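Notes for the one structure printed next.
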Amino acid sequence: MESCAKACRRLSIPAARCLLRVLTVTPLLGCSGPAQPGQAHVAPAPLSLEQALQGFSNCRLHGFYLEGDPPEPVSPYFRERGLLTPCEVDDAAEIAYFCVKDSFYGLPVDRIEIPSSTAAFSQGLHFTVPVEQARAVLLRTLGSDFAQSAASNEGNAPELVEIPEDPQRSALLCIQPFG
């Protein structure tokens, strides 16, 4: 049986978190944990979006992609919530959308987008608030308004955009340019 430490490495869970998450990983992967028979465990709280998205400020998200057959998200954020199948896939744009009810620094999130293939690279959060409201919260909490910039055009920083079909919604996106 695979050790939980090895399973955590395979899932890109940092070593420090692995110890905290071993009880979550153990039942999902069938790995062997450090528990002694009869020893009681308390499951840790699920990974928050803020924790899962460390590296989002420079578009370096770990585990926010699909892998395997059938393809499933790698990040423990999705596994902990049983989100293994997207609620929508845009085959033309090669994006998988996962429907959630969560928050990111107080902003309501209802969709997470990740690439559905290795050819595409778009990752982001969809908020149920207009772009200006999201911009104010992000500026207050993260110190950036995530406006379009040279860094966002190069795929090195997220950009906050209005959802064209619904101006009452916005998205914070990391998009890697092709070429």
Side-chain angles (χ1 to χ4, degrees), residues 7-14 17-18 21 24-25 28-29 44-129 131 134-135 137-138 141-142 144 146-149 151-166 169-179:
C8 285
R9 281 193 300 278
R10 183 168 48 82
L11 290 172
S12 302
I13 301 172
R17 281 193 213 230
C18 185
R21 302 222 168 272
T24 304
V25 174
L28 289 173
L29 301 176
L47 195 63
S48 71
L49 263 179
E50 292 84 0
Q51 293 167 323
L53 293 173
Q54 291 179 2
F56 195 42
S57 63
N58 59 7
C59 292
R60 302 296 176 258
L61 300 173
H62 301 289
F64 274 63
Y65 58 91
L66 302 178
E67 184 175 85
D69 188 24
E72 294 179 349
V74 174
S75 171
Y77 173 86
F78 296 96
R79 293 190 178 281
E80 290 173 350
R81 288 158 179 79
L83 297 170
L84 302 179
T85 305
C87 61
E88 180 186 343
V89 176
D90 182 337
D91 290 323
E94 298 180 341
I95 297 172
Y97 296 95
F98 289 82
C99 294
V100 299
K101 287 186 185 231
D102 208 335
S103 66
F104 183 70
Y105 293 99
L107 290 169
V109 176
D110 69 346
R111 289 164 62 105
I112 298 173
E113 71 176 65
I114 62 176
S116 63
S117 77
T118 56
F121 190 86
S122 177
Q123 298 169 311
L125 303 175
H126 290 241
F127 304 123
T128 59
V129 297
V131 71
R135 192 174 310 284
V137 170
L138 293 169
T141 58
L142 298 176
S144 175
F146 295 101
Q148 183 179 13
S149 66
S152 68
N153 290 338
E154 294 168 0
N156 295 320
E159 181 180 341
L160 183 64
V161 298
E162 181 178 285
I163 303 294
E165 304 83 41
D166 185 353
R169 298 175 44 80
S170 54
L172 187 59
L173 303 174
C174 287
I175 300 173
Q176 292 290 329
F178 289 103

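It should be emphasised that the depicted structure is a prediction, and the values quoted were computed from it without experimental measurement.
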Which heavy atom of Val129 sits nearest a heavy atom of Ser170, and at what distance? O-OG, 2.8 Å
Between Leu84 and Glu72, the two heavy atoms sitting closest are O-CG, 3.8 Å
On a heavy-atom basis, the closest approach of Cys59 and Ala157 is SG-C, 3.3 Å
Side chain to side chain contact (heavy atoms under 4.5 Å, CB included) for Phe56 and Leu142? Distances and angles first, verdict last. CA-CA 11 Å; Phe56 195 42; Leu142 298 176; over 6 Å; no
In the structure I gave you, are the side-chain heavy atoms of His62 and Ser75 within less than 4.5 Å of one another anywhere? no
Working for side chain to side chain contact (heavy atoms under 4.5 Å, CB included), residues His126 and Tyr97: CA-CA 10 Å; His126 290 241; Tyr97 296 95; 3.9 Å; yes
Any non-hydrogen side-chain atom of Asp102 less than 4.5 Å from a side-chain atom of Arg81? yes
Are the side chain of Gln176 and the backbone N or O of Gly155 linked by a donor-acceptor pair below 3.5 Å? yes
Side chain to side chain contact (heavy atoms under 4.5 Å, CB included) with Leu160: which of Leu173, Leu125, Leu172? Leu172
Tightest non-hydrogen contact, residues Glu159 and Ser152, listed as OE1-OG, 3.5 Å
Counting N and O atoms only, with roles assigned by atom type, does the side chain of Glu50 sit under 3.5 Å from a partner on the main chain of Tyr105, one being a donor and the other an acceptor? yes
Among Ile112, Val137, Leu53, find the residue that satisfies the side chain to side chain contact (heavy atoms under 4.5 Å, CB included) test when tested with Phe104. Leu53
Applying side chain to side chain donor-acceptor pair (under 3.5 Å), name anything that partners Arg135, two or more places apart in sequence or on another chain. none
Answer whether the closest heavy-atom distance between the side chains of Ser122 and Ile175 falls below 4.5 Å. yes
Is there a side chain to side chain contact (heavy atoms under 4.5 Å, CB included) between Arg60 and Asn156 once you walk through the steps? CA-CA 8 Å; Arg60 302 296 176 258; Asn156 295 320; 2.8 Å; yes
According to the disulfide bond (SG atoms under 2.5 Å apart) rule, which pairs have a member within residues 69-99, sequence neighbours left out? Cys87-Cys99
How long is the straight-line distance from CD of Glu80 back to CG of Leu47, given to the nearest 0.5 Å? 5.5 Å
Rounded distance [0.5 Å steps], CG in Leu107 versus CZ in Phe127: 5.0 Å
Taking C-beta and beyond as the side chain, do Leu66 and Pro115 meet within less than 4.5 Å on heavy atoms? no
CA sep, side-chain torsions, deciding dist, call: Arg169, Asp110, side chain to side chain contact (heavy atoms under 4.5 Å, CB included): CA-CA 10 Å; Arg169 298 175 44 80; Asp110 69 346; 2.8 Å; yes
